[in-house]
Asks: 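Let me begin by handing over the structure; questions about it come next.
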Amino acid sequence: MVKAIVLYSGGLDSTLAAIVMVELGVEVIAVRFLTHFGCDTGENTAYLNDDIPHAEQFGFKVRFCHLGQPFVDLVKNPQYGHGKNMNPCIDCRILMLKEAKRLMGLVGADFLVTGEVIGQRPMSQRRDTFPVIDRQAGVDGLVLRPLCAKHLKPTIPEIAGIVDRRQLYRFNGRNRKPQMGLAASLGLTDYPVPAGGCLLTDAIYSYRLRELLAHDPNPSMRDINVLRAGRHFRLSETCKAIIGRNEADNDFLETQVTSGDITMQVMSTGSPLTLLTTTEDKIDDALLRLAASMTARYSGKKHRDMVDVSVFRGIDEPMAIKIVPPASEEKINALRIEDKGAKGNIKPV
């Protein structure tokens, strides 16, 4: 039986591409590539668990593959540059296709499939970029894009007759109505609303990432993960404070704390969890007091003259109590890591 690897994000287009292949009698192994920055179509991590019912319903298998540190390295210095923010879309696609080619050999697949549509993404989904991406990934002629195939040259599986080109599509542009119509005809009714892209396309997140890399060219995965949560403040060249905005932020930050970290909270009232990160071995007392005053500013006791702020090693090992005045709005604004002109849409954790 003919077998194909489908690059599968869980979004509408990649799901349609997988189903179209199944309808044509191809055995589909759908691979979802994961990164520390979300997937490539409006990432919503809660939706990961909903991918499997599509596979069960339409008869294809799903595997997950984390791109890990190679993708982080790529984000820092992409050969083909960043998009509007920190998104290295062309290099990202090349890396995914390289990994898909490796998997293709492992499982004995005949070709690769993506849900890409000409003109849908301004950087990576263009008629002139598809050949560049395929060539750099070493998969010339092996990538079938069934949703826009009739706008492109026939691929090896089409020329060989193992895929009927007449049953492929000629979608193009950003209008999703044709895909929605195809979904309805195939019985696909449950799919996420198309969104703007991964976290690297978000202006606020991208600014935070640039700022982090400027101070620490080789940040830990934890420091990258926490960029998506809370309010971020630069206290010194080597020290940052991340202050939770809500309970979800606090819960997420708590999962990121290690035994060597310093955290803060105001007890007996509503309070953010504050996580301090540093590239040095120790945080001096002046910075601890500054972070404590900022924690007090966002607590339920922010209107008091002085506030007791509990300092912990890790989450629950008491270190000290700092009695400080809540930070002023001027101090908060001066330290906040924020591009004043950026408009982003970082989803709450």
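From a predicted model like this one, the values you see are computed outputs, not experimental measurements. When a residue number appears, it is its place in the shown sequence, counting from 1. Only this structure's heavy atoms are used, side chains among them; waters, hydrogens and symmetry mates stay out.
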Asks: Examine Ile242 and Leu335 and state if one hydrophobic cluster contains both, with Ile, Leu, Val, Met, Phe, Trp and Tyr joined whenever side-chain heavy atoms are less than 4.5 Å apart.
Replies: no
Asks: Roughly how far, to the nearest 0.5 Å, is the CZ atom of Arg121 from the CG atom of Asp13?
Replies: 8.5 Å
Asks: Checking Asp305 now: which residues fulfil salt bridge (Lys or Arg N to Asp or Glu O under 4.0 Å) with it, not counting sequence neighbours?
Replies: none
Asks: Please name the pair of heavy atoms, one in Ala17 and one in Gly115, separated by the smallest distance, quoted to 0.1 Å.
Replies: CB-CA, 3.9 Å
Asks: Are side-chain heavy atoms of Leu182 and Tyr169 found at a separation under 4.5 Å?
Replies: yes
Asks: What residues, two or more places apart in sequence or in another chain, satisfy side chain to side chain contact (heavy atoms under 4.5 Å, CB included) together with Ser293?
Replies: Leu290, Val324, Ala327
Asks: Take Asp261 and Arg222 through the test salt bridge (charged side-chain N to carboxylate O under 4.0 Å, His left out) and record every step on the way to the result.
Replies: CA-CA 12 Å; Asp261 287 326; Arg222 191 282 302 275; 2.7 Å; yes
Asks: Could you pull out all residues at least two apart from Arg231 that satisfy side-chain hydrogen bond (donor to acceptor under 3.5 Å, both in side chains)?
Replies: none
Asks: Can you sort out the partners of Glu211 under side chain to side chain contact (heavy atoms under 4.5 Å, CB included), two or more places apart, ordered by chain and number?
Replies: His215, Arg234, Lys240, Ile337
Asks: In a table with atom names and distances, give each donor-acceptor pair under 3.5 Å that connects a side chain of residues 270-278 to protein atoms at least two apart or in another chain.
Replies:
{"unit_1": "Ser271", "atom_1": "OG", "unit_2": "Val266", "atom_2": "N", "d": "2.9"}
{"unit_1": "Thr274", "atom_1": "OG1", "unit_2": "Thr295", "atom_2": "OG1", "d": "2.8"}
{"unit_1": "Thr278", "atom_1": "OG1", "unit_2": "Thr238", "atom_2": "O", "d": "3.1"}
{"unit_1": "Thr278", "atom_1": "OG1", "unit_2": "Glu280", "atom_2": "N", "d": "3.1"}

Asks: Do the ring planes of Tyr8 and Phe60 sit parallel (below 30°), tilted (30 to 60°) or perpendicular (above 60°)?
Replies: perpendicular
Asks: Are the side chains of Thr35 and Val75 in contact, using a 4.5 Å heavy-atom criterion?
Replies: no
Asks: Any luck finding a side-chain donor-acceptor pair between Glu247 and Asn250 under 3.5 Å?
Replies: no
Asks: If we only count heavy atoms from C-beta on, is the Ile332 to Phe233 side-chain gap below 4.5 Å?
Replies: yes
Asks: Can Ile94 be reached from Val31 by stepping across I, L, V, M, F, W or Y side chains whose heavy atoms are under 4.5 Å apart?
Replies: yes
Asks: Do Leu235 and Leu212 belong together in a cluster built from hydrophobic side chains that touch within less than 4.5 Å?
Replies: no
Asks: Mind listing the closest non-hydrogen atom pair of Cys239 and Ile283 along with its distance?
Replies: SG-CD1, 4.1 Å
Asks: Evaluate Ser299 against Thr269 for side-chain hydrogen bond (donor to acceptor under 3.5 Å, both in side chains), listing each step before the verdict.
Replies: CA-CA 7 Å; Ser299 76; Thr269 188; 5.7 Å; no
Asks: Between Ser206 and Leu199, which heavy-atom pair has the shortest distance, and what is it?
Replies: OG-O, 4.2 Å
Asks: With a 6.0 Å cut-off (strictly less than), is the heavy-atom count around NZ of Lys3, excluding the residue itself, greater than 12?
Replies: yes
Asks: Flag yes if more than 12 heavy atoms outside Arg210 fall under 6.0 Å of its CZ atom; otherwise flag no.
Replies: yes
Asks: Which heavy-atom pair separates Gln179 from Val117 by the least distance, and what is that distance?
Replies: NE2-CG2, 3.7 Å
Asks: Hydrophobic side-chain clustering at under 4.5 Å (ILVMFWY, transitive links): who's grouped with Phe312? Put none if nobody.
Replies: Met267
Asks: Answer yes when Arg208 and Glu338 have at least one side-chain N-carboxylate O distance shorter than 4.0 Å, and no when they do not.
Replies: no
Asks: Roughly how far, to the nearest 0.5 Å, is CG of Asp128 from CD1 of Ile133?
Replies: 9.5 Å
Asks: Let me see the working for Phe111 and Met21 under side chain to side chain contact (heavy atoms under 4.5 Å, CB included), right down to the final yes or no.
Replies: CA-CA 11 Å; Phe111 60 98; Met21 289 296 100; 4.0 Å; yes
Asks: So, taking the atom named CG in Leu200 and the one named CZ in Phe37, what distance separates them when rounded to the nearest 0.5 Å?
Replies: 5.0 Å
Asks: Kindly indicate whether the side chain of Arg93, heavy atoms from C-beta on, has any atom under 4.5 Å from the side chain of Gln125.
Replies: no
Asks: Under the rule for side chain to side chain contact (heavy atoms under 4.5 Å, CB included), what residues qualify as partners of Pro325, not counting sequence neighbours?
Replies: Met306
Asks: If I compare all heavy atoms of Asp223 with all of Leu227, which pair ends up nearest, and what's the gap?
Replies: O-CG, 3.5 Å
Asks: Hey, is CZ on Arg336 packed in by over 12 heavy atoms from elsewhere, all under 6.0 Å?
Replies: yes
Asks: Are the side chains of Ile5 and Val113 in touch, meaning some heavy atoms are under 4.5 Å apart?
Replies: no
Asks: Is Leu144 linked to Phe58 within one hydrophobic cluster, defined over Ile, Leu, Val, Met, Phe, Trp and Tyr using a side-chain heavy-atom separation of less than 4.5 Å?
Replies: yes
Asks: Under the side chain to side chain contact (heavy atoms under 4.5 Å, CB included) test, which residues partner Leu213, sequence neighbours left out?
Replies: Lys76, Met86, Leu209, Pro219
Asks: Linking I/L/V/M/F/W/Y whenever any side-chain heavy atoms sit under 4.5 Å apart, do Leu287 and Ile323 land together?
Replies: no
Asks: Is the shortest side-chain heavy-atom distance between Thr129 and Ile90 below 4.5 Å?
Replies: yes
Asks: Any donor and acceptor pair, going by atom type alone, linking the side chain of His36 with main-chain N or O of Leu67 inside 3.5 Å?
Replies: no
Asks: What are the two closest heavy atoms between Met104 and Leu112, and how far apart are they?
Replies: SD-CD2, 3.8 Å
Asks: I'd like to check the salt bridge (Lys or Arg N to Asp or Glu O under 4.0 Å) partners of Asp91; sequence neighbours left out, ordered by chain and number.
Replies: none
Asks: Which pairs would a plain distance check flag for residues 145-163, meaning a side-chain donor or acceptor within less than 3.5 Å of a matching protein atom at least two apart in sequence or in another chain?
Replies:
{"unit_1": "Arg145", "atom_1": "NE", "unit_2": "Glu116", "atom_2": "OE1", "d": "2.7"}
{"unit_1": "Arg145", "atom_1": "NH1", "unit_2": "Asp134", "atom_2": "OD2", "d": "3.1"}
{"unit_1": "Arg145", "atom_1": "NH2", "unit_2": "Glu116", "atom_2": "OE1", "d": "3.4"}
{"unit_1": "Arg145", "atom_1": "NH2", "unit_2": "Asp134", "atom_2": "OD1", "d": "2.9"}
{"unit_1": "Lys150", "atom_1": "NZ", "unit_2": "Arg166", "atom_2": "O", "d": "3.1"}
{"unit_1": "Lys150", "atom_1": "NZ", "unit_2": "Leu168", "atom_2": "O", "d": "3.4"}
{"unit_1": "His151", "atom_1": "NE2", "unit_2": "Arg170", "atom_2": "O", "d": "2.7"}
{"unit_1": "Thr155", "atom_1": "OG1", "unit_2": "Glu158", "atom_2": "OE2", "d": "2.7"}
{"unit_1": "Glu158", "atom_1": "OE1", "unit_2": "Arg165", "atom_2": "NH1", "d": "2.7"}
{"unit_1": "Glu158", "atom_1": "OE2", "unit_2": "Thr155", "atom_2": "N", "d": "2.9"}

Asks: Taking C-beta and beyond as the side chain, do Phe33 and Phe64 meet within less than 4.5 Å on heavy atoms?
Replies: no
Asks: Kindly say whether Asn85 contributes a backbone atom to a donor-acceptor pair with the side chain of Asn87 at under 3.5 angstrom?
Replies: yes
Asks: Do Ile262 and Arg313 make a side-chain contact, defined as non-hydrogen atoms from C-beta onward lying under 4.5 Å apart?
Replies: yes
Asks: Mind checking salt bridge (Lys or Arg N to Asp or Glu O under 4.0 Å) for Asp281 and listing every partner two or more places apart, or none if nothing turns up?
Replies: none
Asks: Hey, mind stepping through Lys322 and Asp285 against salt bridge (charged side-chain N to carboxylate O under 4.0 Å, His left out) and telling me if it holds?
Replies: CA-CA 10 Å; Lys322 301 295 182 183; Asp285 189 67; 2.4 Å; yes
Asks: Per the ring-ring contact (aromatic ring centres under 6.0 Å, His included) rule, what does the pair list look like for residues 270-309, sequence neighbours excluded?
Replies: none
